[in-house]
Structure formats: C-alpha cells, structure tokens
Asks: 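Take this structure first; my questions come after.
The structure displayed is predicted, hence computed values, not measured ones. Order of the sequence lines fixes the chain letters, A, B, ..., with proteins taken first and strands second; residue numbering starts at 1 for each chain.
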2 protein chains.
Amino acid sequence: MELKALDNDILRYLARHRLKLNGKALSEPIPALTELSDELGLSIGKLREQLEVARALGLVDVKPRTGIRHAPYDFLPAVRLSLLYALAIDPCAFDQFSQLRTHVEFGFWHEAVALLQPEDHEALQALMKAAWAKLEGTPTQIPHAEHRQLHLMIFGRLNNPFVHGILEAYWEAYEAVELNRFADYAYLTAVWRYHQAMVDAICAGDADAGHRALVEHTHLLQSREGSARKSKSLYRPRDAVPGRAGADLSKETT
Amino acid sequence: MELKALDNDILRYLARHRLKLNGKALSEPIPALTELSDELGLSIGKLREQLEVARALGLVDVKPRTGIRHAPYDFLPAVRLSLLYALAIDPCAFDQFSQLRTHVEFGFWHEAVALLQPEDHEALQALMKAAWAKLEGTPTQIPHAEHRQLHLMIFGRLNNPFVHGILEAYWEAYEAVELNRFADYAYLTAVWRYHQAMVDAICAGDADAGHRALVEHTHLLQSREGSARKSKSLYRPRDAVPGRAGADLSKETT
DNA sequence: ACCGCCTATTCATCCGATAAATCGAAGGAT
DNA sequence: ATCCTTCGATTTATCGGATGAATAGGCGGT
C-alpha cells in the first residue's frame, strides 16, 4: 500500500522511514529538520507545517533536542480532532457518533468477548467492585472512569486500533457531555446493574446474555442522551442521490 | 461542547467563528492570515502550521486571494489520513479496518434501508444495470465505481458523516488493494448476484433478506481479502489489561 | 453586453535571527 | 565510587520580514 494519495511529503517520508525500520527499534532517530529540509527539498517552514499534521495525528513525538521520533500507531488522535470539531459546530454530531459506537460495540461483541482471558475476567470484576464502591460510598461518586474502562477493556483484546480509537473518542465525548448532567441514583444503579449482568455473563462464558445486557444498557444510556436529536444535522451528504458513480468531493458551500 | 481539549488555536477559532455564523452563510469570509495573526497573538508561521492541520482535516478551503473559507464538515479526510498511514506501515491494518466497515454496514443496515426513497430504489437498480453491462461487455470491465457507489448509496440517507467517512475511506483503500488483484469472472458474477439479491430485496421492502445477502456478499469479499491476515499487527493496545482506570497514552516505544 | 488586461489583495515560500528546551558530558561534593 | 549540579551544544519553537505566485474584481476597449 502506497501513500501516493497523500499531499504531505513528511507523512510519506515517515511511512517509508518506518517501513525500513521493519518493526524493530521504533525509537530509531529521524533526521533533524535541517537535514530533512535538504533531503526533501523543502524549506524548514513548509516542513514544519506538514510536521504539525503528523504531530496532530499522533504519528510522531517531537521534542527539542530529542528531535522527531516515531510514535506507536494510534487511530484516536485523528478521530478526536475531527470529532471534537464536529461536536463544536453541530449539536447533532454526538448522537450520530454515539450510534456508530453502539453498532461497533454490538458488532464486535462476540469476537471481543471470546478473546478475553481469565485475568481479564478478574480485572472486569475488580472494576465492577470499584464502581459499586464509588456508587455506594458517602458521598456518592459517579464511576465515570470505571464506566469508560469497562467498555474499553472488553474490546481491548481485539487489538484493533480503529475500534479502539472510535471507542476512546466516544468515551471522551461522552464524559464531556455527561459530566455536566444531573444523574440520579436510580438511573446510575440501573446502569450499573446492567454492567454487572454483562460482566457476570462474560465470566460465565455466556456471550449472548452479555450481549443482551449490553443492548439494554445502551438503550438506557441513549434514553438520557439525545438532547439535540431533533435538531437537523448540519452535515450534507456528498452524494445521497447521485446520478453518476465518480463521487466528487467538496462541492456545495451551503 | 467546547474545544478546550485542543492544542490548536486555529481549530478553536474556526469552530467559534463558524458557530457565530449559525449555519447560515457558510461562505462568510474568515479574516486573512495577517489579521488572525494580530487577533490570536501568533506569528504567521505558527498560524500556518496550525492552519495546515485544519486544511488536512478538510475543515477549510484555503486559496490565494480568496482567503480561508469554511468547508462542509466531513469526517473522511481525518480517517483517510490516519488510515493511509496505517496501511503503509502495517499490512494487517486493511483487514482490521475491513472488519470495522463490515460491522458498521451490518449494524446500520435496517435503519439505512428503511430511509431509502423510491427514487433511491430506482437509482440502485440503474447502478446494477450499469454494473452488469460492464461485466458482460466485451471486454469485461470490473465495475469498481458501481460497487463503491452501491454501498455508499444504501447508507447515504443516514446522513451520518461518521458512517459516510468510514465507508468512503474503506472503499478507497479497497480499490487501492483490489485493483491490483486478479479477479476471475466466476468470482465477479457471484459478487454481483449477491448485490442483485440485495437490491431486489431492498426494493421489495424485505430488509432482512437484503441483510442476509449483504452478509453473504461480505463473506465472499473477505475470502479474497486477508492476504496479510496471519501477520501480527504492529498495533499495541494502550491498556489491554490495565490495573487502573486512567488510561494513559503514548507510553511504550517498542 | 461582452471580453481581455491590470492591479490590489491574499496566500505561498523562503530566509535569518533569537528564544527555549533538554540531553549528555564535565566537574565538584559527599 | 556515587550522586548531584552546572554548563554547553544541539534541536526545536517562534517570530518578522522579503519576495514570489495566484486570482478576484475592477477598468477600459470593442
């Protein structure tokens, strides 16, 4: 797979450089900006513009003196950037992304649960315990971190960066929305009873029962979301009813 | 929703500016770079670095004389950038993204099909006709564009930018992979018989039958993919078996 | 009314200078 | 010998300015 579709020289260079490393020694140094400037025939300024994209996508770490280093690949930064912007300009976006998250979790459920190890089961139960402790402590705390961690852990063994990125981005957005919202005790305990059922089913090896609990749990969550669901999305599809095939981008300007 | 999580001044500014437009007049001019430089207290150079990120994410169009203009929101550029990089450095990434696509299509199927209008049904059948014409013409042509368009059209009415971005990105990657691959006539006609069954079921109002055809079609596709499925993913999950909740990013350096 | 030229505005690109950060070595204290 | 501090060199961070390139819109000619 080649990056010919990219208009960013640094990204192409980074990919080639990383390929040559062949998985080993990810921390191998990348030439300094001045050197890259010569090698790629670009000015420092232009180089830094493109490097900023790579940095924003989380593909490299760049620090003074240390220089530019490859970072472990992660889909999250790209999703986070675009999603945060969407949330800022369109109140409808959270629900749309939430639906995506739902279908991703539903779809990958059985495969993910099947991959879980005994130590994961223990870790899940430990998380539940921590969550109940927060819920029933005085004062009552909302176990946001545990909620997020529970979902992420279940799908962690998939080792799928795209799934991971979408789920992480969702929970970031979810916490940003939910943290400002009143949550009554009845609602919270209902949510966590579903979680408990989910985890118990997983540990008992009954993935189907776990899936049903996940569905119920999701419905409960969504009944509290959707504050802006009636508002119309600002998003316009590129080719909802196209005549031809070659979908052309960036046309309408509203 | 606020963009406080972002380290990019331009993105925050753009979101605020666009919000003030309130949906109307997306083509309202954005101040020139020199002006933004004063307003945000940043140098032109630094500004351009950040602006390049916004441009790469497809959030703005920037041209000489015209200046910077808001673009219709699109999730695709972000996914495309990160996905292309992943594909370049990890042969396993295509399969992982392909699985995501599969579950997204399966998950949204019923809702998407229910939204389709009579004119969409006609457009789908027209696409099928065009595809068969290519398949049975002399010389035989592979209806790549129709394949992509068919899938996109079915989910187009969802009006969900995230679904749209993922599907578009998938088909871009798929064509890049598949176009270089030998495809025999028997395989192609099998694929398109499933498509025909899918479209016929949609037009007949039988979403379940359409879903079954989609599943079969996907299995057939996947039996041809997965050239690199046995290779191990370079991706390392951040917290597959974490002890604590606060998932910390960017740690291991392999 | 139409067409082509001109100009002002804006981005595009590059250069050079200075500040800030930090890794590693050298040197001193215990 | 070990640890800590200091210092210097390297690299990124940020800025301002100069010049080039592109083009939208105005101007004038037909």
Side-chain angles (χ1 to χ4, degrees), chain A residues 6-15 17-18 21 25-72 77 81 249-254, chain B residues 5-15 17-18 21 25-72 77 81 248-254:
Chain A
L6 242 47
D7 63 348
N8 189 314
D9 298 289
I10 289 272
L11 285 187
R12 285 198 299 269
Y13 177 88
L14 286 173
H17 184 270
R18 185 160 173 173
L21 298 180
L26 193 57
S27 59
E28 197 71 13
I30 296 171
L33 277 174
T34 53
E35 201 167 332
L36 284 178
S37 174
D38 291 341
E39 193 164 340
L40 299 179
L42 292 173
S43 70
I44 305 282
K46 194 63 189 162
L47 226 51
R48 288 185 58 83
E49 287 177 17
Q50 304 191 351
L51 184 63
E52 178 67 15
V53 175
R55 204 193 58 76
L57 293 178
L59 305 177
V60 292
D61 285 328
V62 41
K63 279 190 299 189
R65 171 71 194 173
T66 307
I68 309 160
R69 293 294 167 87
H70 291 288
L81 277 177
L249 303 179
S250 67
K251 271 294 171 57
E252 72 263 328
T253 46
T254 307
Chain B
L6 243 47
D7 63 348
N8 189 315
D9 298 288
I10 289 273
L11 285 187
R12 284 198 299 269
Y13 177 88
L14 286 174
H17 183 271
R18 184 159 173 172
L21 299 180
L26 194 57
S27 59
E28 198 70 12
I30 296 171
L33 276 174
T34 53
E35 201 169 332
L36 285 178
S37 174
D38 291 340
E39 193 165 340
L40 299 179
L42 292 173
S43 70
I44 304 282
K46 193 60 189 164
L47 227 50
R48 288 184 58 83
E49 286 177 17
Q50 303 191 353
L51 185 62
E52 178 66 15
V53 175
R55 205 193 57 76
L57 292 178
L59 305 177
V60 291
D61 285 328
V62 39
K63 279 190 300 188
R65 172 69 195 176
T66 306
I68 308 160
R69 292 293 166 89
H70 290 290
L81 277 176
D248 196 12
L249 302 179
S250 68
K251 271 295 170 56
E252 73 262 328
T253 47
T254 307

Asks: Please list, in numerical order, the residues of residues 35-54 of chain A that have a heavy atom closer than 4.0 Å to any atom of DNA chain D.
Replies: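 Correct list: A:R48.
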Asks: Could you measure the distance from the CG atom of A:L81 to the CG atom of B:L6? Nearest 0.5 Å is fine.
Replies: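 Between A:L81 CG and B:L6 CG, I get 5.5 Å after rounding to 0.5 Å.
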Asks: I'd like to know if the side chain of A:R48 and the backbone of B:E49 have a donor-acceptor N/O pair within less than 3.5 Å.
Replies: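 Between the backbone of B:E49 and the side chain of A:R48 there is no qualifying donor-acceptor contact (under 3.5 Å).
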Asks: Supply the atom-to-atom distance A:L51 CG to A:I68 CD1, rounded to the nearest 0.5 angstrom.
Replies: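 It is 4.5 Å, given to the nearest 0.5 Å.
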Asks: Grab the N/O contacts between the protein and nucleotides 19-27 of chain C below 3.5 Å, and write none if there aren't any.
Replies:
from: C:dC23; atom 1: O4'; to: A:R65; atom 2: NE; distance (Å): 3.4

Asks: In Å and rounded to the nearest 0.5 Å, what is the OG1 to CG distance from A:T66 to A:D61?
Replies: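 Here the rounded value is 9.5 Å.
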Asks: Kindly write out the residues that satisfy side chain to side chain donor-acceptor pair (under 3.5 Å) with A:R55, not counting sequence neighbours, or none if the list is empty.
Replies: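 Only A:E52, B:D7 meet the side chain to side chain donor-acceptor pair (under 3.5 Å) criterion with A:R55.
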Asks: Where is the tightest heavy-atom contact between A:P77 and A:A56, given as atom of each residue plus distance?
Replies: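 Looking at all heavy atoms of both residues, the closest pair is CB-O, 3.6 Å.
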Asks: Measure the angle between the two terminal helix axes of the helix from C:dA1-D:dT30 to C:dT30-D:dA1, five base pairs each, and quote it to 10°.
Replies: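 Result, rounded to 10 degrees: 10°.
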Asks: Name every donor-acceptor pair, under 3.5 Å, that has one atom in a side chain of residues 30-45 of chain B and the other anywhere in the protein, sequence neighbours excluded.
Replies:
from: B:S37; atom 1: OG; to: B:L42; atom 2: O; distance (Å): 2.5
from: B:S43; atom 1: OG; to: B:K46; atom 2: N; distance (Å): 3.2

Asks: Heavy atoms of chain B, cut-off under 4.0 Å: which first and last nucleotide of DNA chain D, 5' to 3', fall inside that, if you could look?
Replies: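 Nucleotide range in contact with chain B: D:dT14 to D:dG25.
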Asks: Are the side chains of A:H17 and A:H70 in touch, meaning some heavy atoms are under 4.5 Å apart?
Replies: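 A side-chain contact exists here, since the closest heavy-atom pair is under 4.5 Å.
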Asks: So B:Q50 and B:V53, side-chain contact (heavy atoms from CB on, under 4.5 Å) or not? Walk me through it.
Replies: CA-CA 5 Å; B:Q50 303 191 353; B:V53 175; 5.5 Å; no
